[in-house]
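Everything quoted here is computed from the prediction, not taken from an experiment. Letters A, B, ... mirror the listed sequences (proteins, then strands); counts begin at 1.
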There are 2 protein chains.
Amino acid sequence: MDTRSRLDDDPSFLLARANAVSVQAGNAALAAHGLRVRSYAVLALSAAADAPTQRELADHLRLDPSQVVALVDDLEARGLVTREPDPSDRRTRVVRITRAGRPALEAAERDLRAAESPLHDRLTPSQRAALPGILRALAFPVEP
Amino acid sequence: MDTRSRLDDDPSFLLARANAVSVQAGNAALAAHGLRVRSYAVLALSAAADAPTQRELADHLRLDPSQVVALVDDLEARGLVTREPDPSDRRTRVVRITRAGRPALEAAERDLRAAESPLHDRLTPSQRAALPGILRALAFPVEP
DNA sequence: GCATTTCGTTGAGAAAGTCAATGATTGAAT
DNA sequence: ATTCAATCATTGACTTTCTCAACGAAATGC
């Protein structure tokens, strides 16, 4: 019969396990900054030139809007982001990184990259080059 | 500044989002079989020629042993797998798929593949060929 | 104007992840 | 041989994450 499990050839299973490895390493690296991969992602997106609304954060991170509320609550309470009213649409709240949030983001980013690189070092250069394109196709199935 | 977020170039974020897409599609496809991606993975591994112990399931799926207990409890209650004693080590319990479990696994596998294929169809042939090797390197950082 | 939709928020519950402790059993070290 | 430490499955508690329904405020469509 099959001595090796078919599951080991299933991209979805491999994807899930690779993500579990990545998330665990990421959370460990971010713990020193009081962040997790989720809150880090929100903080990173809020640093964009055109700051996102909570709805845009939810869509981009594939989170429920109620999850974004909790994440922004936490970051706002720590002074890392602000909720700004949008003059053009008073329903929405724009989440923007604060002056204090920037250095926190950069420090977290450094530690995060340091934790990720040993994982990616196991890839060949061509694999490393192909990875982002592949993942983008899988992560955004219907054109963001 | 950067009009496009740096997060969109972060393989870890893309991995997380791609996994979220995959898990959601997988769970939707498996719902008709009363399974989720987790329980499906346990069922699939228990179909191997040499049935795994619960510890081996936990290691392979990167789950806490207590999670495996609950998953096997459920599958066993539904008659899809059995817990067999291992004569060579009476501490361990070997999880083996049952005669009733096999057709259930195969039916679930068909629906799961059908749900995954449209996602993978977005990849070029060379990307599709490269994906398993890349994910294996990321999913098993220290040689399974 | 009026109905419908969207946004953020609250709240509740299911699913998943994490950790400590325990009894039974094994393997190792004398 | 007998103790000692380690392993396995299990239970239980706790946190985090996911999912869904409802609601007030505001925008959009007609």
The criterion is salt bridge (charged side-chain N to carboxylate O under 4.0 Å, His left out); which residues satisfy it with B/E109, sequence neighbours excluded?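 Expected list: A/R6, B/R113.
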Quick one: list whatever passes salt bridge (charged side-chain N to carboxylate O under 4.0 Å, His left out) with A/R78, sequence neighbours left out. A/D74
Who passes side-chain hydrogen bond (donor to acceptor under 3.5 Å, both in side chains) against A/R96, sequence neighbours left out?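 A/R96 satisfies side-chain hydrogen bond (donor to acceptor under 3.5 Å, both in side chains) with A/E84 only.
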Using the test side-chain hydrogen bond (donor to acceptor under 3.5 Å, both in side chains), find all partners of A/D89 that sit at least two apart in sequence or belong to another chain.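 Scan of A/D89 (side-chain hydrogen bond (donor to acceptor under 3.5 Å, both in side chains), adjacent residues dropped) gives A/R91.
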Quickly work out the [X] [atom1] to [N] [atom2] distance and round it to whole Å.
X: B/L61; N: C/dA16; atom1: CG; atom2: C1'; answer: 14 Å
X: B/Q54; N: C/dT25; atom1: CD; atom2: P; answer: 16 Å
X: B/L35; N: C/dA15; atom1: CG; atom2: P; answer: 13 Å

Going through the checks in order, is the side chain to side chain contact (heavy atoms under 4.5 Å, CB included) test met by B/T82 and B/L75? CA-CA 8 Å; B/T82 59; B/L75 293 176; over 6 Å; no
May I have the step-by-step check of side chain to side chain contact (heavy atoms under 4.5 Å, CB included) for A/L14 and A/D9, ending in yes or no? CA-CA 8 Å; A/L14 294 171; A/D9 300 321; over 6 Å; no
Pairing of A/D59 and A/R55 as salt bridge, 4.0 angstrom limit: yes
Is there a side chain to side chain contact (heavy atoms under 4.5 Å, CB included) between A/V95 and A/T53 once you walk through the steps? CA-CA 6 Å; A/V95 180; A/T53 66; over 6 Å; no
Would a hydrophobic clustering, with Ile, Leu, Val, Met, Phe, Trp and Tyr connected at side-chain separations under 4.5 Å, put B/L35 with B/V69?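 B/L35 and B/V69: separate clusters.
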Where chain A begins and ends its contact with DNA chain D, read 5' to 3' at 4.0 Å from heavy atoms: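 Contact span on the strand: D/dT16 to D/dA27.
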As a check of understanding: the bend across the helix from C/dG1-D/dC30 to C/dT30-D/dA1, end axes from five pairs, rounded to 10 degrees, works out to 40°
Which residue pairs satisfy the side-chain hydrogen bond (donor to acceptor under 3.5 Å, both in side chains) criterion with at least one member in residues 13-23 of chain A, sequence neighbours excluded?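 side-chain hydrogen bond (donor to acceptor under 3.5 Å, both in side chains) check on residues 13-23 of chain A returns A/S22-B/S12.
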What side-chain hydrogen bond (donor to acceptor under 3.5 Å, both in side chains) pairs are there with at least one residue in residues 25-42 of chain A, not counting sequence neighbours?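 Every side-chain hydrogen bond (donor to acceptor under 3.5 Å, both in side chains) pair that includes a residue of residues 25-42 of chain A, provided the two are not neighbours, is A/H33-A/D111.
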Which ILVMFWY residues are connected to A/V21, directly or by a chain of links, through side-chain heavy atoms under 4.5 Å apart?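 Joined to A/V21, directly or through intermediates: A/L119.
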Counting only non-hydrogen atoms, which of [range] are less than 4.0 Å from DNA chain C?
range: residues 11-31 of chain B; value: none
range: residues 71-90 of chain B; value: B/D89, B/R90
range: residues 62-70 of chain B; value: B/L63, B/D64, B/S66, B/Q67

Does A/F140 form a side chain to side chain contact (heavy atoms under 4.5 Å, CB included) with B/R122? I'd like the steps, not just the answer. CA-CA 10 Å; A/F140 297 96; B/R122 290 183 44 84; over 6 Å; no
Exam field: side chain B/R83 to backbone B/V94, donor-acceptor pair closer than 3.5 Å: no
I want to check one thing: is the phosphate of C/dA24, taken as OP1 and OP2, less than 4.0 Å away from some side-chain N or O of B/R91?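 Answer is no, no contact under 4.0 Å.
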Ignoring hydrogens and geometry beyond distance, is a side-chain donor-acceptor pair present between B/Q24 and A/R62 at under 3.5 Å? yes
